[in-house]
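Atom set for the values below is all heavy atoms of this structure, side chains included, hydrogens, waters and symmetry mates excluded. The shown structure was predicted, so the numbers you read here are calculated from the model rather than taken from an experiment. Note that ligands are numbered from 1 as they come in the structure, with each ligand's atoms numbered from 1 the same way.
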Amino acid sequence: NRGRSKYIIGVSQCSNDEWRVQMNKEILREALFYPGVKVKIRQAQDDNARQINDIKEFIRQRVNLIIVAPNEAGAIAPVLEEAYEAGIPVVLVDRRIHSDKYTAYVGADNYEVGKKVGEYIVNALHGKGKVVEITGLKASTPAIERHRGMMDALKKTSDIKIVASADAGWFQDKARMVVDTILRNHDQIDLIVAQNDRMAMGAYQEARRQKREKEILFIGIDAVAGKGYGVESVAKGELTVTFIYPTGGDKVMQVAMAILKGQKYERENYLSTAAVDKGNARIMQLQTEHIFALDHKIELLHNRLDDYFLRYSAQKMFLYACVVI
Ligand code: FRU
């Protein structure tokens, strides 16, 4: 039901976790600034078949634009090509597809993120040491690109060895499991680098359970603020460092709206990264708390405005009725 909406935007998220919850909030908040826009969000629980269905449903509903974080680059490509060829603009966020048929991309450059991680490792280990890598879902582009970037940075020294590498599919529990086995098989590990914070925290928890956490540095990616997430873990001295992987939901909406209104937009929109370590984690926490408070006020204001408009139109109706009678 299109109702009074001028544009309907379908958002297809591959998963649902703190990072995506944050992005969805930003998308919905930014949408408040565009009257007549309705946003429908679906999440596929890391399941290709489910995401393909979600996107098919959006095509069937003839949404005006699809925003999508594709679970795996190969599997999700055909259905997005179908949407694109049917004339529905496709905005990729954070993950890419093995296809050129998309309208725009918004997100970090994952190769660059990986490279920054690699450079950090070279510095932290003074060019020598034994490293374990925990990767995200192997067929997703951030996993591929972060690995490539990190390996390129590690080429600078031949004394850093990746002694084990395992796929934990972006999940904390899975990371705990694979790290359990790896710790048992390797007496010396200097650093565990995980491709996101959830997995890095899983690795840390398992190392602590085996009383090995003090001899190992832990690296993650995402830097989500808030209770129980990456930045807090760094502030507590569990993770050594995390790298900001910007959610950028506001930027995503801006690009989507420019496309819909026929305005100028960039096809590739890169959001930047930075390291969060013990030196700046607290500052980041304080600042994000402040931002969250302001975000909340924006939502409050919006609800008040809605109330005023409702009351205003009710009064107008009443006045009109009086005049007619
Ligand atoms: C969130 C997430 C992040 C990771 C990103 C990669 O769903 O798993 O933790 O950085 O996806 O696409």
Should you measure from each heavy atom of [X], which atoms of ligand 1 turn up under 4.0 Å away?
X	value
Pro142	6 (C), 12 (O)
Asp17	1 (C), 7 (O)
Ser15	7 (O)
Arg95	6 (C), 8 (O), 11 (O), 12 (O)

Per-residue contact class, Glu145 against ligand 1 - non-hydrogen pairs under 4.0 Å: neither
Please tell me whether Val178 and Leu191 are part of a single hydrophobic cluster in this structure, the criterion being side-chain heavy atoms less than 4.5 Å apart. no
Electrostatic pair Glu57:Lys40 at N-O distance under 4.0 angstrom: no
Aromatic ring pairing Phe218/Tyr204, orientation class (parallel under 30°, perpendicular over 60°, tilted between): perpendicular
Sub-4.0 Å heavy-atom approach of Arg146 to ligand 1: yes
Taking atom types as modelled and ignoring hydrogens, do the side chains of Glu72 and Asn48 form a donor-acceptor contact shorter than 3.5 angstrom? yes
Checking Arg176 against Gln205: is there a side-chain donor and acceptor pair closer than 3.5 Å? yes
Against Arg20, only a single residue in Asp222, Asp94, Asp46 fulfils salt bridge (charged side-chain N to carboxylate O under 4.0 Å, His left out); can you say which? Asp94
Among all the protein's non-hydrogen atoms, which is closest to [atom], and how far away is it?
atom	result
atom 8 (O) of ligand 1	Arg198 NH2, 3.0 Å
atom 4 (C) of ligand 1	Asp222 OD1, 3.6 Å
atom 11 (O) of ligand 1	Arg20 NH2, 3.1 Å

Option set Asn16, Asp94, Asp46, criterion heavy-atom distance to atom 6 (C) of ligand 1, minimum: Asp94
Does the Lys NZ or Arg CZ of Arg96 fall within the cation-pi geometry relative to Tyr105 - under 6.0 Å from the ring centre and within 45° of the axis? yes
